[in-house]
Trainee: 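Pasting in a structure now, in C-alpha cells, and then I'll have a few things to ask.
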Amino acid sequence: MTHSILIIDDEYDIRAVAELALRAVGGWQVTTASCGSEGLVKAEQESPDVILLDVMMPDMDGIAVFQALQANSITRSIPVIFLTAKVQATDQRRFRELGVKGVITKPFKAMKLPNQVSQILGWT
C-alpha cells in the first residue's frame, strides 16, 4: 500500500531532503507545504495518511497548526509527527501531551526517515 505524507516545514532544504527520502526509500506519495496555513489547506484537501510538521515556523508555529488540525473534523484523525530541533525532555513531554503521534528530531538522517515514520505509526 502506498502511503501519502504531507510535510509542513518552512525550510526548503528540509522539505526537499525529506520528500526525496520518503519517495525513494519509502515509496510514498509526498506533498509539501512551506507554511502552516498552506499545510492546513492541503491537509483538508488531500487527507494524507500522516503529517510531518515542523514545530518552529514563522507566522503559525507547529503547535498552532496541530491545534487547528485537531479543531477541524476533517483533519482531526490524521496522525501528526513533529519535526523539531527541540530535544529537551520538557519539550518532548509537552509535545506528547498535545497528542502528537511522535517526535523526530532535527537534524534527521534522511535515509532513516521512512523507517522512523513507519515505526512511530506501526506500519510494517
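Basis for what follows: all heavy atoms, side chains included, without hydrogens, waters or symmetry-related copies.
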Trainee: Using 0.5 Å steps for rounding, measure from the CG atom of D54 to the CZ atom of F82.
Mentor: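 Separation between the atoms: 9.5 Å.
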Trainee: Which ring-ring contact (aromatic ring centres under 6.0 Å, His included) pairs, counting each pair once, include a residue from residues 102-124, with sequence neighbours left out?
Mentor: H3-W123, W28-W123
Trainee: Run I120 and V50 through side chain to side chain contact (heavy atoms under 4.5 Å, CB included) and show every step you take.
Mentor: CA-CA 11 Å; I120 289 169; V50 64; over 6 Å; no
Trainee: Hey, could you give me each pair passing salt bridge (charged side-chain N to carboxylate O under 4.0 Å, His left out) that has a residue in residues 18-27? Not counting sequence neighbours.
Mentor: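 Salt bridge (charged side-chain N to carboxylate O under 4.0 Å, His left out) check on residues 18-27 returns E19-R23.
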Trainee: Quick one: do V25 and K112 satisfy side chain to side chain contact (heavy atoms under 4.5 Å, CB included)? Show the steps, please.
Mentor: CA-CA 9 Å; V25 179; K112 292 185 176 176; over 6 Å; no
Trainee: For S47 versus S4, what's the shortest heavy-atom pair and its separation?
Mentor: O-OG, 4.3 Å
Trainee: Looking at every heavy atom in both A21 and A110, which two are closest together, and how far apart are they?
Mentor: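 Taking every non-hydrogen atom into account, CB-O, 3.0 Å.
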Trainee: Please enumerate all residues that pass side chain to side chain contact (heavy atoms under 4.5 Å, CB included) together with S73, with sequence neighbours excluded.
Mentor: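 If we apply the side chain to side chain contact (heavy atoms under 4.5 Å, CB included) test to S73, skipping adjacent residues, the hits are R76.
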Trainee: Side chains of I78 and L69: closer than 4.5 Å at any heavy-atom pair?
Mentor: no
Trainee: Could you check I104 against V117 for side chain to side chain contact (heavy atoms under 4.5 Å, CB included), going step by step and ending with a plain yes or no?
Mentor: CA-CA 8 Å; I104 295 174; V117 171; 4.0 Å; yes
Trainee: Evaluate the side chain to side chain contact (heavy atoms under 4.5 Å, CB included) criterion for residues L121 and I81: first the C-alpha distance (whole Å), next the side-chain angles of each, then the deciding distance (0.1 Å), finally the verdict.
Mentor: CA-CA 9 Å; L121 298 171; I81 298 171; 4.3 Å; yes
Trainee: Determine whether P48 and I5 make a side-chain contact, defined as any pair of heavy atoms from C-beta on separated by less than 4.5 Å.
Mentor: no
Trainee: Looking at CD1 of I7 and CZ of R15, how far apart are the two atoms once the value is rounded to the nearest 0.5 Å?
Mentor: 9.0 Å
Trainee: Under the side chain to side chain contact (heavy atoms under 4.5 Å, CB included) rule, collect the residues that match up with E11, sequence neighbours excluded.
Mentor: D9, I14, K106
Trainee: In terms of hydrophobic clusters joined by side-chain contacts under 4.5 Å, are V100 and V55 together?
Mentor: yes
Trainee: So how far is it from R94 CZ to Q88 CD, rounded to the nearest 0.5 Å?
Mentor: 11.5 Å
Trainee: Hey, could you give me the NZ/CD1 distance between K101 and I51, rounded to the nearest 0.5 Å?
Mentor: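 If we round to the nearest 0.5 Å, K101:NZ and I51:CD1 are 13.0 Å apart.
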Trainee: Taking only residues two or more places apart in sequence, or in another chain, which ones meet A68 in a side chain to side chain contact (heavy atoms under 4.5 Å, CB included)?
Mentor: L40, M60
Trainee: Roughly how far, to the nearest 0.5 Å, is CG of L53 from CG of L6?
Mentor: 8.5 Å
Trainee: Just grab all the ring-ring contact (aromatic ring centres under 6.0 Å, His included) pairs involving residues 29-51, residues at least two apart or on different chains.
Mentor: none
Trainee: Verify, without hydrogens or angle tests, whether D10 (side chain) and C35 (backbone) share a donor-acceptor contact under 3.5 angstrom.
Mentor: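 Answer holds: no.
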Trainee: If we only count heavy atoms from C-beta on, is the T105 to Q92 side-chain gap below 4.5 Å?
Mentor: yes
Trainee: What's the spacing between T32 OG1 and L22 CG if we round to 0.5 Å?
Mentor: 11.5 Å
Trainee: Tell me whether M57 shares a hydrophobic cluster with L98, the cluster being built from Ile, Leu, Val, Met, Phe, Trp, Tyr side chains joined at under 4.5 Å.
Mentor: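 The answer is yes; both residues are in one hydrophobic cluster.
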